[in-house]
There are 2 protein chains.
Amino acid sequence: MTKAPPRRAKIQDVAEAAGVAIKTVSRVLNNEPNVREETRQRVLAIVKKLNYHPSLSARSLAGRRSFLIGLIYENPSANYIVDVQHGAMARCREDRFQLLMHQVTGRGEEMERDVLGLVDQTHLDGLIVTAPLSESVDLMRALDRRALPFVRVAPNDVPHQTPYVDMDDAGAAREMTEYLIGLGHRRIGFIIGHPDHFASGQRLLGYKAALAAHGIDYQDRFVRQGYFVFESGMDAAKELLTQPDAPTAIFASNDDMAAGVLMAAHELGINVPERLSVAGFDDTYIAKTVWPRLTTVHQPTYDLAYTATNLLLQMLQTGSAPQSMRLGYRLVCRASTAVVHK
Amino acid sequence: MTKAPPRRAKIQDVAEAAGVAIKTVSRVLNNEPNVREETRQRVLAIVKKLNYHPSLSARSLAGRRSFLIGLIYENPSANYIVDVQHGAMARCREDRFQLLMHQVTGRGEEMERDVLGLVDQTHLDGLIVTAPLSESVDLMRALDRRALPFVRVAPNDVPHQTPYVDMDDAGAAREMTEYLIGLGHRRIGFIIGHPDHFASGQRLLGYKAALAAHGIDYQDRFVRQGYFVFESGMDAAKELLTQPDAPTAIFASNDDMAAGVLMAAHELGINVPERLSVAGFDDTYIAKTVWPRLTTVHQPTYDLAYTATNLLLQMLQTGSAPQSMRLGYRLVCRASTAVVHK
DNA sequence: CATAGCCGTGACAACGTTGTCAATTTGTCT
DNA sequence: AGACAAATTGACAACGTTGTCACGGCTATG
């Protein structure tokens, strides 16, 4: 015999116990003005006593908002997306919003259908869009059409007036490249990120700018296309390292690929950092777990997501105008880079 | 001038366009019986034409279910939790349920309050509980009290009759240990997992069983407490490896700690696998990215989560009796283990 | 001292679905 | 054909909130 669970308290119960109308309880709960302090306290006491929690469904239905925020992403490295998730989650929690994670399937039209399906079904209040989804103009137009507020966690590039939070990818890549140059490296390999990501181009730009600023010729043979995943970094590194006059340093556009470079070096019997310096980008968990530990650009992933969510919630709650932000980065020098060998 | 977005179609609109009552539309949408095929088709056509999507909130309110499933976890390694998430997500998607991820804060009473707060606020239909939360009897009792169906992704141990999905941790650990013994190792170090996880004890048991079966004495000095995180593995390994007559192999209870062991070995100048064999557990992403690649136990994390979600959804939808499952594992032999050196 | 305006409160109608139950149509069996 | 059961459909009341608006009491103003 299972004992019937106690009926959940509803607003009615609270109202009766407090001797007020349900609307007053509602006011208290939503921090609306025009409630006497004494009344507010009385209601709050009862709420606590009855362990009352308003029904999200009822609130959504009546209030025409769902308290649900979506976070969509495509296929980023696990280490990266977890940081994003936690940043967004942390901010949501502060305002009692819930976060709905959604890994998008497909690309192009199919991706769009997937996202819109989510939006239509769940009545999301807002959306956090990560790269490279944030680069689909079609998607953004579709979201606009539904009047759905959203913030992008991505570099600003798309010709579209929406708020975003990003960092200076080009600047960071340039600084890292200059750091390598400062170590005496002249033949510096570069592994480009996934072509769908705007950031990939920015990082390449930074690399080129640093070379140019130091009078080093840009050479195609030192540059390879990667896809932000471990294997692509490994493959690219093998190509780079098996040519005559191979690079003495390789800068990969993210940590996963840099880890792949390390693996390639190990397999080729090339010591890092003695014979080869390796640098990554992102400063995710993997950077600290490979050997040698990766020199990399610290990207404030958690803060990026937190900030994006913050912007979104402000837009939703105070109706404030959309704004964008750029956060700082910093170089983290660990054991994978060293002065060039003679 | 922003053009007002088109009003969302509601069930009423569909009903009128199809010339039926809203209840009939509802029947069609919920696959209820007793609708003439012709009517069903007519309704479906209109639904598609109007791009109608039922309101989750209204459905929840009226139908007393939310189509929302919670996935709660504490602080597991990023690589692990992402696999869990995707497994659960995939299954949810099949039945148009949404998944609400929730990282639990605090421990003991505070943890409980956190989870119950989530449950009370969102009216979840069900919950996926991962270790070590799944080991709190108090929490499970509290969930029962609220009559909330849940499935645990965790080894079955707790004296509590709820469905779970797990794998044979003890058997796997035993097999891995025997594999090391088979390579000729006799001094085998072991790093225990986080003490809050039941699986930690199981894996230790398997280690001990293998030793016993092969007439090898269990020695405390070869065993250290770890916490499932990289640093703890590194610290433990340093202790194990700096003693006289150090182990020739170390079996860590998860991959993160095994990666830590590799790091320690590198720092101590001990070659892996020539002078030291290292084995992990879980087969997460990290196992393939460290050097040398880790020999480990492949845990079907994705499937575990998928299966757990499947069980939960079946209970919810068909009201079927709770059942539990055990999934298989397999040893993955990579480059971090080798025949013992002379 | 009258009057306008604000504050605090409550009554009641949404919000968009599903559950219940009754009404109608259709089919089956003598 | 008549009687009864089953299949199909619809009317209407929930579900638990928030939005709207009205009302009384109090304060500031002329």
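In what follows, every chain begins at residue 1, and chains take the letters A, B, ... in the order their sequences are listed. Keep in mind the model is a prediction, meaning the values are calculated, not measured.
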*State, to 0.1 Å, how close B:D114 and A:R93 come at their nearest heavy-atom pair, and which atoms those are.*
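Result for this residue pair: OD2-NH1, 3.8 Å.
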*asked:* I need the minimum non-hydrogen distance between A:L327 and A:M167, along with the two atoms involved.
replied: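 For A:L327 versus A:M167, the nearest heavy atoms are O-CB, 3.4 Å.
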What's the [atom1]-[atom2] distance between [X] and [N], to the nearest Å?
X	N	atom1	atom2	answer
A:N34	C:dG5	CG	C1'	13 Å
A:I11	C:dC12	CD1	C1'	14 Å
B:R65	D:dG16	CZ	P	16 Å
A:D13	D:dT17	CG	P	9 Å
B:E38	D:dA7	CD	C1'	14 Å
B:E16	C:dT17	CD	P	13 Å
A:Q12	D:dC15	CD	P	10 Å
A:R8	D:dG16	CZ	P	9 Å

*Roughly how far apart are A:R91 CZ and A:L313 CG, rounded to 0.5 Å?*
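Between A:R91 CZ and A:L313 CG, I get 5.0 Å after rounding to 0.5 Å.
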Between [N] and [X], is there an OP1 or OP2 to side-chain N/O distance shorter than 4.0 Å?
X	N	result
B:R36	D:dT8	no
B:R64	C:dT18	no
A:T39	C:dT9	yes
A:N30	D:dT18	yes
B:T24	D:dT9	no
B:K23	D:dT9	no

*asked:* Categorize A:F67 for me: base, sugar-phosphate, or nothing, with a 4.0 angstrom heavy-atom threshold over every strand shown.
replied: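 No contact.
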*asked:* Using a strict threshold of under 4.0 Å (side-chain N to carboxylate O), is an ion pair present between A:R152 and A:E135?
replied: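 Salt bridge between A:E135 and A:R152, a charged N being under 4.0 Å from a carboxylate O: no.
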*Taking for each residue the nucleotide of DNA chain D with the nearest heavy atom, is it B:R27 or B:A62 whose nucleotide lies nearer the 5' end?*
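Closest to the 5' end, via its nearest nucleotide, is B:R27.
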*Quick one: on DNA chain D, does A:L61 or B:P33 contact a more 5' nucleotide (nearest heavy atom)?*
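That would be B:P33.
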*Toward the 5' end of DNA chain C, which comes first, A:G63 or B:S26, by nearest nucleotide?*
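So the residue in question is A:G63.
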*With B:R96 as the cation and B:F67 as the aromatic partner, state whether NZ or CZ is under 6.0 Å from the six-membered ring centre and within 45° of the axis.*
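No cation-pi geometry.
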_Out of D:dG19, C:dG16, C:dG10, whichever nucleotide has its closest atom nearest the side chain of A:E32_ =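 Nucleotide nearest to A:E32's side chain: D:dG19.
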